Amino acid sequence: MSAGRSAGGRRRGSSHVEEHEDSERWMVTYADMLTLLLVLFIVLYAISQVNTSKFAQLKSSLASAFDNGQPSILSGGSGIVGGNAAAQKADPMAPIFMPPKQQSKAVAAQDRQAAQREMDEFKKIEKAIKASLHKHGLDGHAEFSINERGLVVTVVTDELVFSGNSAVLEAEGTAILGAVAPPLRPVDNQIQVDGHTNQQNVSTAPYPSGWELSSARASSVVRHLVTSGKIAPSRLSAAGFSDQRPLLAASDPRSITRNRRVEIVVLSKLPASARAGTAATATPITGAPASGKPATGAPGTGHG
């Protein structure tokens with residue numbers, strides 16, 4: 001019995017020691033945490049004290065190691081940030097970093113320059129077409145304007161260009177297009193031909209409406225520019241707008257002849273943002289057409 005009590009006492013004693021050791025393990029973790037916090041505070045204190053001389057040495061060392069002795073881009077150096085343009089001269093292809101506001105101003109300036117260059121090209125084309133019309137004795141048979149779409153060459157489709165309710169080009173119409181086409185041939189802009197009718201409430205037979213008549217006239221002009229003008233078909237397109245885009249209000253007596261027209265548009269190649277700059281400097285219509293007088297039978301009986 002005494003031996004059993006002794007063994008039982010040892011077991012109870014050992015269990016008490018183990019429980020004591022387990023209860024003190026948290027102190028190890030706590031000590032580790034305090035040590036790490038102490039190291040953190042020491043590091044924070046150390047980096048808060050900037051040694052300018054050592055920083056300069058470090059910058060110079062890094063510049064030599066990573067840039068082969070070239071000017072550094074680090075702040076305060078002679079690089080492209082906050083310094084002179086030595087780095088840009090050393091590498092012209094190096095990207096130029098600018099704040100967003102400065103970038104938007106640079107893009108706007110580039111758009112204005114591109115719009116001005118295109119405006120100059122359109123004026124050259126206009127001048128060439130006018131010279132060609134003059135050479136063929138057709139001065140004033142076309143109007144010119146420049147807007148956000150491009151260079152617009154307007155041919156009033158009176159009876160001498162298209163007969164009433166007809167999409168067949170008359171002799172004077174083919175002569176005008178024969179003078180307009182050569183200056184358009186060497187340029188690479190896309191060209192759209194738009195057909196328009198006037199707003200007279202008259203029959204467009206044999207065409208069901210002004211939509212078909214205006215589209216057919218635009219298509220006739222495109223076909224002539226391809227076959228006789230030798231302009232690549234891939235550059236041309238045709239559209240009919242009936243009487244939905246008039247130049248003049250229906251109350252204006254001139255609308256009978258002026259709204260009945262075909263427009264040959266040399267389309268802009270610029271993106272929309274740059275074309276906005278072109279619109280701001282758009283030129284008005286110039287070159288009053290010799291055929292601007294009321295067409296045969298007009299007013300009152302103007303054809304579509």
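Note that the structure is predicted; figures quoted are calculated from it, not measured.
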Write down the atom of [X], the atom of [Y], and the distance for their closest heavy-atom approach.
| X | Y | value |
| --- | --- | --- |
| N165 | Y207 | O-CE1, 3.6 Å |
| V161 | G173 | CG1-CA, 3.9 Å |
| A181 | G229 | CB-CA, 3.7 Å |

Under the ring-ring contact (aromatic ring centres under 6.0 Å, His included) rule, what pairs show up with a residue in residues 147-173, not counting sequence neighbours?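 Those involving residues 147-173 do not exist here.
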
Is a side-chain N or O of R260 found less than 3.5 angstrom from the main chain of V156, in a donor-acceptor match?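 Pair absent, no side-chain N/O of R260 close to backbone of V156.
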
So, S220 side chain and A167 main chain: donor-acceptor pair closer than 3.5 Å or not?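 Side chain of S220 to backbone of A167: a pair is present.
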
Results of salt bridge (Lys or Arg N to Asp or Glu O under 4.0 Å) for [X] - residues two or more places apart only:
| X | answer |
| --- | --- |
| R223 | none |
| K124 | E121 |
| D120 | none |

Partner set under side-chain contact (heavy atoms from CB on, under 4.5 Å) for [X], not counting sequence neighbours:
| X | result |
| --- | --- |
| S228 | H224 |
| S132 | H136, A179, P183 |
| P206 | none |

Please list every donor-acceptor pair under 3.5 Å in which a side-chain atom of residues 28-37 meets a protein atom from a residue at least two apart or in another chain.
residue : atom : partner : partner atom : Å
T35     : OG1  : A31     : O            : 2.8

Rounded to the nearest 0.5 Å, what separation is found between the CD atom of E170 and the CD1 atom of I176?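 E170 CD to I176 CD1: 11.5 Å, rounded to 0.5 Å.
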
Can you tell me how far CG of L247 sits from CG of N198, rounded to the nearest 0.5 angstrom?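 Rounded to the nearest 0.5 Å, the CG-CG separation comes to 11.5 Å.
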
Throw together a table of side-chain donor-acceptor distances under 3.5 angstrom for residues 231-243, partners on residues two or more places apart or in other chains.
residue : atom : partner : partner atom : Å
R235    : NE   : N189    : O            : 2.9
R235    : NH1  : L184    : O            : 3.2
R235    : NH1  : R185    : O            : 3.3
R235    : NH1  : V187    : O            : 3.0
R235    : NH2  : L184    : O            : 3.1
R235    : NH2  : V187    : O            : 3.0
R235    : NH2  : N189    : O            : 3.0

Salt bridge flag under 4.0 Å for residues R258 and E143: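 So R258 pairs with E143 through a salt bridge.
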
Pairs meeting criterion salt bridge (Lys or Arg N to Asp or Glu O under 4.0 Å) with involvement of residues 186-215, two or more places apart: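 Listed by first then second residue: R149-D194, D188-K269.
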
Residues that, via side-chain heavy atoms closer than 4.5 angstrom, fall in one hydrophobic cluster with V265: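 Reading the cluster by chain and number, V265 sits alongside V152, L267.
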
Got a sec, which hydrophobics cluster with W211, joining ILVMFWY side chains under 4.5 Å apart, including via others?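 Answer for W211: none, a lone residue.
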
Just one of L177, T174, V155 clears the side-chain contact (heavy atoms from CB on, under 4.5 Å) bar with V221, so which one?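 One option only clears the test, and that one is L177.
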
